[in-house]
Amino acid sequence: METVQSPWQTAAILIARLILAAMFAMGAAFKFMDMGMTAGYIAAAGFPFPLFLAWCAAILETLLVIAFLTGAFFTPAALVAAVYVVFLGFAFHGPSHWAGNQAEFGAFMSHFPFAAGLLFAAVHGPGSVLASKLGRW
């Protein structure tokens, strides 16, 4: 059952989808521009197979961009993105990093409102305008 959206709701949902897509597009772009640097960052965090994981991250982020822009598989994409964002917060900015650089705490905390927004998006979906019905839950 489709709900009717007011113009401001439609605009807000589309802007939110663009912001989510832009965030992951920037992440993917930086990875693709210097996959070696991304792999080095992953290796420094102690993960094995850093180049493979860097490529996996770039591909995942690209798929998330497509989902947020098209609305296809929106809910599962938003759920995966929320888990991914929280994982990144702990893996790269978690408590073990705070003693050496207190700014890492701020970076860590910034992942949670982002994840909350993604969970909210997962619950409410991509809206009814410019949204594929593919993969709707």
Side-chain angles (χ1 to χ4, degrees):
M1 179 177 152
E2 289 285 326
T3 58
V4 177
Q5 296 172 350
S6 69
W8 77 266
Q9 289 171 317
T10 299
I13 290 169
L14 290 174
I15 291 167
R17 285 174 47 197
L18 286 172
I19 291 168
L20 292 172
M23 295 297 290
F24 287 104
M26 287 186 286
F30 283 119
K31 287 172 182 63
F32 284 122
M33 285 190 295
D34 194 344
M35 199 58 73
M37 183 177 70
T38 301
Y41 196 58
I42 291 170
F47 290 99
F49 314 110
L51 187 58
F52 172 75
L53 291 176
W55 276 102
C56 289
I59 291 166
L60 172 63
E61 291 173 2
T62 301
L63 292 173
L64 291 172
V65 169
I66 293 166
F68 293 138
L69 290 178
T70 67
F73 300 98
F74 187 86
T75 295
L79 291 171
V80 166
V83 171
Y84 178 64
V85 165
V86 170
F87 164 76
L88 292 176
F90 277 99
F92 297 100
H93 307 287
S96 65
H97 299 274
W98 301 346
N101 180 358
Q102 290 199 347
E104 289 291 337
F105 178 74
F108 173 76
M109 292 302 295
S110 72
H111 287 72
F112 293 93
F114 190 16
L118 289 161
L119 291 173
F120 195 84
V123 169
H124 291 282
S128 59
V129 176
L130 297 174
S132 168
K133 300 205 183 294
L134 187 63
R136 289 264 176 113
W137 287 5

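Because the structure is a prediction, the values reported are computed rather than measured. Only this structure's heavy atoms are used, side chains among them; waters, hydrogens and symmetry mates stay out.
Linking ILVMFWY residues whenever their side-chain heavy atoms come closer than 4.5 Å, directly or via other members, places Leu51 and Phe32 in the same cluster. The hydrophobic cluster containing Phe90 does not contain Val83, counting ILVMFWY residues as joined when their side-chain heavy atoms lie under 4.5 angstrom apart, directly or transitively. Cluster annotation: Phe87 and Leu64 are assigned to the same hydrophobic cluster (Ile/Leu/Val/Met/Phe/Trp/Tyr, side-chain heavy-atom contacts under 4.5 Å, transitive). Under the 4.5 Å side-chain heavy-atom criterion for Ile, Leu, Val, Met, Phe, Trp and Tyr, Ile19 and Met26 are members of the same hydrophobic cluster.
Counting all heavy atoms, side chain and backbone alike, Pro76 lies closest to Gly135 at CD-O, 4.2 Å. In this structure, Ala91 and Ala45 approach most closely via the heavy-atom pair O-CB, 4.1 Å. When all heavy atoms of Ala81 and Phe68 are compared, the closest pair comes out as CB-CZ, 4.1 Å. Val86 and Ala115 make their closest contact through CG2-CB, 3.6 Å (heavy atoms, listed as atom of the first residue, atom of the second, distance). Counting all heavy atoms, side chain and backbone alike, Met35 lies closest to Ala58 at CE-CB, 3.9 Å. Considering every non-hydrogen atom in both Pro113 and Ser110, the closest pair reads CD-O, 3.5 Å.
Between the CG atom of Leu18 and the CE atom of Met23 there is a distance of 13.5 Å, given to the nearest 0.5 Å. With rounding to the nearest 0.5 Å, the separation of OG in Ser132 from CZ in Phe73 is 7.5 Å. Atom CD1 of Ile15 is separated from atom OG1 of Thr10 by 10.5 Å, given to the nearest 0.5 angstrom. The CZ atom of Phe114 sits 9.5 Å away from atom CG of Leu88, with the distance rounded to the nearest 0.5 Å. Here CG of Leu20 is found 10.0 Å from CG of Leu69. Values are rounded to the nearest 0.5 Å.
Within the structure, side-chain hydrogen bond (donor to acceptor under 3.5 Å, both in side chains) pairs that include any residue of residues 38-62 comprise Lys31-Glu61, Glu61-Tyr84 (at least two apart or interchain).
The shortest side-chain heavy-atom distance between Val129 and Ile13 does not fall under the 4.5 Å cut-off. For the pair Ile42 and Phe49, the minimum side-chain heavy-atom distance is 4.5 Å or more. Leu119 has its side chain within reach of Leu79: a pair of non-hydrogen atoms, C-beta onward, lies under 4.5 Å apart. Annotation: side chain of Leu14 is in contact with side chain of Arg17 (closest heavy-atom distance under 4.5 Å). In this structure, the side chains of Phe24 and Val85 come closer than 4.5 Å at one or more pairs of heavy atoms. Here the side chains of Leu134 and Thr70 are not in contact, with every heavy-atom distance at 4.5 Å or above.
Aromatic ring orientation, Phe47 versus Phe92: tilted (interplanar angle from 30° to 60°). The aromatic rings of Phe108 and Phe112 stand perpendicular to each other, their planes meeting at an angle above 60°, with 30° marking the opposite boundary.
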_Could you walk me through whether Leu118 and Val80 satisfy the side-chain contact (heavy atoms from CB on, under 4.5 Å) test, starting with their C-alpha distance in whole Å, then the side-chain angles of each, then the deciding distance to 0.1 Å, before giving a yes or no?_
CA-CA 9 Å; Leu118 289 161; Val80 166; over 6 Å; no
